[in-house]
Amino acid sequence: MTDQAHNGEKVAWTEQELAEIEEIASRYPSRRSAMLPVLWMAQHKFGWLSLPVLELVAETVGVPPSEARAVASFYTMLKKKPTGRYVLQVCHTLSCALNGAEEIIRHIESKYDFDENGNTPDGLFTLERVECLASCGSGPMMQVGEHYYERLTPEKVDEILAGFESGEPLPTPRPEADEWQWNLQS
Amino acid sequence: MDWIQIGIVAAKIGFAVAFVMSIVPILIWGERKWSAYIQDRPGPNRAQIAGIRAGGLVHVLTDVVKLFMKEDVQPTAAMKAYWWVAPLIPMIVGLMTFTVVPWSSDFAIPAHSFGDWPAADLTIPMQVARINAGMLFILAFSSLSVYGIMLAGWGSNNKFSMLGGLRASAQMISYELAMGLSVVVMFLVYGTVRLDEIAQQQAGSIFNWGIFAPTGFIVGLIAFLIYWTSVLAETNRLPFDLPEGEAEIVAGYHTEYSSMRFALFFMAEYAHMIVGSTLTVTLFFGSYNIPFLRPETLQANIDGVLIALGCLGIPVNLFFAWLAWKRRRRVFYLSIRPDDPRQKEPKFWVAVWTMAALASAGLAVLGISRWVGMHLLAAETAVLLLHIGMLLVKVMFFCYVFVWIRWTLPRFRYDQLMNLGWRMMVPVAIANVLLAGIWVIIRETFLA
Amino acid sequence: MPTVKVNGIEVEVAPGTNMIEAARQAGVDIPHYCYHPHLPVAGNCRMCLVDVEAGGRGPDIACNMQARDGLAIRTDTDNVKRMRRSVMEFLLVNHPLDCPICDQAGECRLQDYYMEHGQHHSRLADEKITRTKRQDIGDLIILDADRCIACSRCVRFSDEVTKTGELRLFNRTDHTEIGVFPGTRLSHHYQGCLADICPVGALTNKDFRFQKRSWYLRAEPSVCDRCATGCNIDVDHDHGEVFRYRPRRNDAVNKSWMCDFGRLSYKRLAAEDRILTARGPEGAEGVDAVLAGLAAAVDAAARDHGDGSVGLVLGTRATNEANWAMLRALRAAVPGARVFLVEGNDPDAFDYTDDLLVHADKNPNTAGVRLIAEADGAVGDAEALRAALADGGLRLLLVLADDVLARLGEVRRPEALAFFGTWANATSEAARWVLPLAAAQEVEGSFTNFQGRVQRLQPAIPAAGDSRPGQVLAAGLARALGEDALPAGAAGVFHDLAANVPAFFGLSLAGLGAEGALVHREPPTEQVAPPDTRPAP
Amino acid sequence: MTQQVPGPEMTTGQKFYVREVLQGLWITLKHTVRNVLNADENFTIIDYPDVKKVMPERYKGAHRLTTRPDGKVKCVACMMCAQICPAKCITIEAGEDPDDPVEKYPVQFQIDMLRCIYCGFCVEACPKDAIRMDTGIYEINGFTRQDLIHDKAYMKDLKAGKKPLAEDWYREHPEDAPPGYDVKAPKLREGY
Amino acid sequence: MAMEPSILTSRWKIPDAHRIDVAMKHGAWATLPAALKMAPGEITQVVKDSGLRGRGGAGFPTGVKWGFVPPPEKRNGKPVYLVCNADESEPGTFKDRYLMWKDPHMFLEGIVISAYAIGAKAAYIYLRGEFGFVRRRVDEAIAEARAKGFIGRNILGSGVDVEVYTHLGAGAYICGEETALLSSLEGKKGQPKLKPPFPAVEGAWRAPTIVNNVETMAAVTWIVGHGAAAYREFGTEKSPGTKLLSVSGHVLKPGVYEIDMGIPMMDFIMDTAGGLRPGRKLKAVVPGGSSVPIMTPDEVARATIDYESIHEVSGSYLGSGGMIVMDDTTDLAEGLANLLRFYAHESCGQCTPCREGTGWMFRILKRVKEGRATDVDLATLKNLADNIHSKTICFFGASAAMPVQSWLKKFPDEFFGRVHRTGKVGYADVGAEPPGGDKPGGTTQAAK
């Protein structure tokens, strides 16, 4: 399985990954339950879920390729298109919107030149408007990688994005909420 | 009888035939054009000679050519003799009836007008045959035309034809009765059956006309209405053209006829119309008489009449010429190509009407010539021409009435036709005869 | 047996019956899209929402409601009407206005239910969502995802029936779109069924596409003749031309399905190689003349060389009636004639077999002919025929429908061969007399499928050309041979057959019904008098 | 069985029909006189066929097939017109156009004008506004029956005959008006 | 506030409480050994007695739910599964994330106890896809507990086996619905399944499955440890215990609070949650996650925080306890459009009304927001919401419909002020009380 989407590279698992898949599959009574974990693995490995990748996943899990594509198309976090290196997922659901999410999004949009897929031409950023990320009390917020950036202001966004532009790695995955949660402040 | 008399009679026969036969095509054209105008159509307007359509008159020519050229289809099962003879009868009858109709007052040639001839004053009656039977001759002959139709219907060996023939004979016989009775009324009031005498009696004021004074108004009017209705039925014209009911029996008695045989039927219908109109005019509308001008008066004042007519004719004809000239701006002439031959038409018409104006001028010149004593035209000849012209005008008017009625009224149903004939017209006609008798007694007894 | 109430009508149904079927038994039609009697319940179209009067709570979908005692539903309340109207509205919100070009028009559930339950004015002021149109996804299927109402019938069909799972609903929300994995195509041989089960025009039959608007077609029930399964079909025809076959529901045979080979076999009715005229030694002569010539030859052979010189091969592709009439005709005229039955597939049979519907035996009536042969008792098999041909004693061989020469392979040919068949083949090429046999969809009669189920054929279109039903040809031959007593009508022949073949005892053609009837596995010892259903003379 | 619908009772005078007959004669006489005198105005009588009447916008003339901007017919061969046609004069053969987003198109579309009764149902039934009878063509003739079967190629090329009435046209294009024609006070439609 | 209880949040303030060593010092995993000594039925009974209601949103009594699991002899040999619903996606709710992040052992202990109570050998924690970081922490906690022998085979030598796995979703709100969650767990699209059969009878992999919320699991730990009676000391009669509330929106101190059920809502908002920004007035409150009906300030003032009071006062629900507070700067039309965009984006696309209806409602609301709608659209909107509500497979349809219905009903002016008034639609058409001057109910087609 080779594909242009992967620069002609062969789309396949390594031995180690196969073993891991087997371990995951063993947790469930049916092998196809490993679908989501394997899709996650594939996305981490290949960056996004191209058709060859989906075929590989389907073969691994033991379902028709159409099923893998159907599942992948159902979930928003599984990427069906290539993304930039930093995916800026800005929540714009009610609580965040009440606290100015649109302003943050507009600010980010004004900073870069995003195409219709939300990618910057240099492949560094992808801007996504996402629905509620369960950080309503600390909105507006955005998720990059597994990290929650909360209580955003344009200045804070500038700072964060400047860090990414200079090649700063993603911070340790965690929410920031600890620092300000009112009733936890002793 | 000498050769001159034979020549005169032959000339009169020729005139009678020509009178009818030359009006027929004009009437055919007229019917087409008038009906078109009644219905807001343009009427015949395609045939042309060098771009001149003459208002559709050319179509009549083309019709003649067409009917001569067409194949004469003869049904195999037709009864040959009847079938052959049938079309001739109505035509012959139509022409025959015209023989007793006067078309002018007597034409007198004074003695020695042309050298030695005539030896004495020669009075030529202006009708082919001056017979005592007069109107009776017409009644007798016109009832013969039903034979033509019956024979055509029977001889065609076609059920539609047969039905048409039957209908026609029943209808004609029915209405002949009423017609005869209304004519009887006129016999009573005129006291004669001779048409020339009837014509003479109507000279002068229009109140001498048959429908007015001599008949005590009401009698003559009723007689006229019955007579006219019967004439419509006799000629198989709408609203009484049931013998040809297209919706039911195709074309009736002449379904199987084509080519000139059909044309004979066709022309016979128009011939009958002319004869019918002529008789109507003769009986009721003063015959050839010019209103308010007795033949003697006319002859005495022929100069003035000619001058007046000529002078009146010039502006009238020039007006028509002007109209024709104006017509060149019709949308029609703007629509056709500039090099279309029909573009010449306005000029043609202007020419025609100008010629007519010139002819009027000529008439005036003739009158003036007589006035100054040059006598370019004999007074008797002038009177003859004026009388014939008057008759023509009156006949054409009634022909128009034929057409007018045809394109106005719907066709009767057969039972309605019979009802009208037998239960309405015959009783009324009989009553009218009684009325006429009373009137005549009153007139003879008290007013004489 | 639970008793349920539908609109107040009590009806007793089998346990496990859902309420759509229960209502159907009560004579109430509950509209539905996603429910299909032969597919698992999905319950996503929501069209079958009904009011539950007793035994449940609130409005619920009838397809997922199993009949149980005390359950009472109503389908005639205002609430139900309102629900149906709203569901119709939702279904049509993003449905394209494709009816003019859509082949489903006329048999579309959306149209049908809209006329009945729709609200007939649109409240949509926004743009419709569009999806991919006209995708060529299979040899027989065109997919128009824009027309899809996401009922998932086809998904379940490919999962549960063909087990190939090519079709899936991708994405979510109102962007849900039916499709196959990009770059793949349908691979199974039941694609036509997808077009059948699709309640709208999303999946249409490529073969039927734009051929005819469905409302011009009239359907005649018949049976497919392409293999021994004998799928029940509706023959859709107009003015004597057949446009398609559709499977007719018969739970005992084909459920609601049929294979593509059978589905496309309607084309054979008007195929180039149809035998349309009778042919004798002097060329085309008319059926009666050829039958007379054949009869003369039969007479001559029997007279000159003995009864054994005349042979008949029964046809596994001809109806029970044709076989029986032929057998009776020959046995009556030439009592000693030799009769054979050669099983096997003809070269023109399609080469595909599965365990769903397509049977390995591609002849529609093998079982029936076997039973007739069994009853006759003196019918030889292929080996016997081979032997008879080899010794040359068989001088005149009558062949019914099957391509016997091809089935036998290399064999010494008989001196004279007569072929009664529908399509030209090697046997008809070699035959001296060829008689046109009407195709199964053109005749009245019956086939016996591999289960032993006798299924009725009814003529959908007039027989092509000069061709005639087998029993008519047989009767003609019998007449030419001097036997006048044999019946020529299908009902009469079947009556005769049922009276003489034990397995058919008690059956009648008219009594077969829409689902057919099984033959007796173990023939009753006593003959059961069949009802005489022949029309009065 | 037909049923006689009783009309109003006629008076004795009416039974003679004299007044009615005279009324009729008066009307026809009026027409004659007017047409003779107005002949050069030429609008009550049109010199057909050299001058043709401009039909009103809704006149149902010969059919035409409307086209899309790309020149293809709008018709999608849905057979609605053929279905509704009471004279059954429309024959359509459907086909698939692989390059066209509309997919279905009529390979052949024929109207047998000898059968057509000009009811206009086809126009009403068409869901795509593909067929119209607005050509204003009323001269539908031919030398053979075949000539009178209008096919797709013919009907596609017809244009809408939505010509303005002469007075409308002259109002907008005074240069076309006949000499002496008064654009401001037209007297054209008199007599209609 | 002084009255803040600390049952579930007792270890939250302790640094590094997610470490098992730290947690155990403060009482974690202390309940398990005692629970293992009880019979499974006893634990179920304790939970039943405590009156604990599911904290996921529906508020169904947990013990009752456990009771639905068929006894072993009726399971056809199928295992029982416990699934912990950590797919916290309801807008406005973020309590589970805190709970798992701050004190994973609290609910892990509850999971093991519950699994033991219902007889499950395997428990799955289904986390939403965005909670990758939470999953890591939970995985660590599971590993630590496994090392201590609290999870795995033969727990604490009791012979009980409970395996706990985490399973990461991938971004789908609907996977918070229990049957959709199970579908997702099975590796399919996360689409809800038809009920019946209910998951407790036929759930994941067609085996009996109990799905419980994270907070419920944590509460189970406390209840089993302290007894049902102790738990009932908190809260009200029908809504016993404490509840984690996540407060967001226009309050000064948003965050997660544990409260004793039954405290006045207005006090909670104004005091505990810090109150509104200075100078602002309360406009509306969504008390239990975005899908529940909205409350007006008046209703807030009358309500106490428990399942019954909220419903009685306002027809709304406590739901998952995600309280969204809006002050008078809020544009409700925009807010509702925002919510509907969320629902239109998250509908699973399975059943018709929700699949087509949510998108349609969003499109209408978008127009309302942009001022391109008429009041007829509002009636349509209301009607659509009614048509979706409770006509769908799962509760999602109602979740999307309830905000529309309640926002239109309680704040009609906000919407009527944004649309073009045609006069065809009145307040009654959108389900609202007509204000004094407005005539009750317009009549439109949309409303019918």
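Numbers restart at 1 for each chain; the letters A, B, ... are given by sequence-line order, proteins then strands.
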Given the rule in the side-chain contact (heavy atoms from CB on, under 4.5 Å) test, do Lys188(E) and Arg32(A) qualify, once you have shown the distances and angles that lead to the verdict? CA-CA 8 Å; Lys188(E) 300 173 188 161; Arg32(A) 66 169 296 168; 3.3 Å; yes
Run the salt bridge (charged side-chain N to carboxylate O under 4.0 Å, His left out) test on Glu150(A) and Arg97(E) for me, step by step, so that the C-alpha distance in whole Å, both residues' side-chain angles and the decisive distance to 0.1 Å come before the verdict. CA-CA 14 Å; Glu150(A) 294 170 323; Arg97(E) 176 166 67 83; 3.6 Å; yes
Leu36(A) and Leu168(E): CA distance, side-chain angles, deciding distance, side-chain contact (heavy atoms from CB on, under 4.5 Å) verdict: CA-CA 7 Å; Leu36(A) 273 182; Leu168(E) 202 58; over 6 Å; no
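Interface remark: Ser184(E) contributes backbone and side-chain atoms alike to the contact with chain A (heavy atom separation under 4.5 Å). Using a 4.5 Å cut-off between heavy atoms, Val325(E) contacts chain A through its backbone alone, with no side-chain atom that close. Interface residue Arg128(E): only side-chain heavy atoms are found under 4.5 Å from chain A. Only the side chain of Ile324(E) comes within contact range of chain A, judged by heavy atoms closer than 4.5 Å. Contact annotation for Glu67(A): only side-chain heavy atoms (C-beta onward) come within less than 4.5 Å of a heavy atom of chain E. Glu346(E) touches chain A through its side chain: at least one heavy atom from C-beta onward sits under 4.5 Å away, while N, CA, C and O do not. When heavy atoms are compared at a cutoff of 4.5 Å, Ser290(E) does not approach chain A at all. For Ser246(E), no part lies near chain A; criterion is any non-hydrogen pair under 4.5 Å. Of the two parts of Arg206(E), neither the backbone nor the side chain holds a non-hydrogen atom closer than 4.5 Å to a non-hydrogen atom of chain A.
Every residue two or more places apart in sequence or in another chain that forms a ring pair (Phe, Tyr, Trp, His ring centres under 6.0 Å) with Phe125(A) is listed here: Tyr86(A), Tyr112(A).
Using non-hydrogen atoms only and a strict 4.5 Å limit, the part of residues 170-177 of chain E facing chain A consists of Ala170(E), Gly171(E), Ala172(E), Ile174(E), Cys175(E).
For Lys81(A), the NZ atom sits in a loose shell: 12 or fewer heavy atoms of surrounding residues, nucleotides or ligands are nearer than 6.0 Å. Sparse packing is recorded around NZ of Lys366(E), with 12 or fewer heavy atoms of other residues, nucleotides or ligands lying under 6.0 Å away.
If you tally non-hydrogen atom pairs under 4.5 Å between each of Val38(A), Leu78(A), Leu98(A), Asn99(A) and chain E, the highest count goes to Leu98(A). With chain A as the partner, the residue from Gly322(E), Gly335(E), Gly169(E) showing the most heavy-atom pairs under 4.5 Å is Gly169(E). The candidate from Met323(E), Arg341(E), Gln191(E), Glu90(E) with the greatest count of non-hydrogen atom pairs under 4.5 Å with chain A is Arg341(E). Across Ser89(E), Gly190(E), Ala207(E), the residue that shares the most heavy-atom pairs under 4.5 angstrom with chain A is Gly190(E). Options Gln43(A), Gln143(A), Met77(A), Met35(A) differ in how many heavy-atom pairs under 4.5 Å they form with chain E, and the most are formed by Met77(A). In terms of heavy-atom pairs under 4.5 Å with chain A, the best-connected choice from Leu185(E), Leu336(E), Val247(E) is Leu185(E).
At least one side-chain heavy atom of Tyr148(A) sits less than 4.5 Å from a side-chain heavy atom of Glu130(E). Contact annotation: the side chain of Trp205(E) approaches that of Ser33(A) to within less than 4.5 Å [non-hydrogen atoms, C-beta and beyond]. Using a 4.5 Å cut-off on side-chain heavy atoms (C-beta onward), His167(E) and Arg27(A) make no contact. Counting only heavy atoms from C-beta outward, the side chains of Phe94(E) and Ser138(A) never approach each other to under 4.5 Å.
Interatomic distance, CE of Met326(E) versus OG of Ser95(A), reported as 8.0 Å (0.5 Å rounding). Atoms CG and CD, on Leu94(A) and Glu334(E) in that order, are 10.5 Å from each other to the nearest 0.5 Å. One finds the SG atom of Cys136(A) at 8.0 Å from the CD atom of Glu88(E) (value rounded to the nearest 0.5 Å).
Considering all non-hydrogen atoms of both residues, Cys132(A) and Gly92(E) come closest at SG-N, 4.1 Å. Closest non-hydrogen pair, Tyr81(E) versus Pro29(A), comes out as OH-CG, 3.0 Å. Annotation for Glu146(A) and Phe133(E): closest pair O-CD2, 3.0 Å, computed over non-hydrogen atoms.
Between Tyr165(E) and Tyr28(A), the two ring planes are tilted [angle within 30° to 60°].
A centroid separation of 6.0 Å or more is found between the aromatic rings of Phe342(E) and His92(A).
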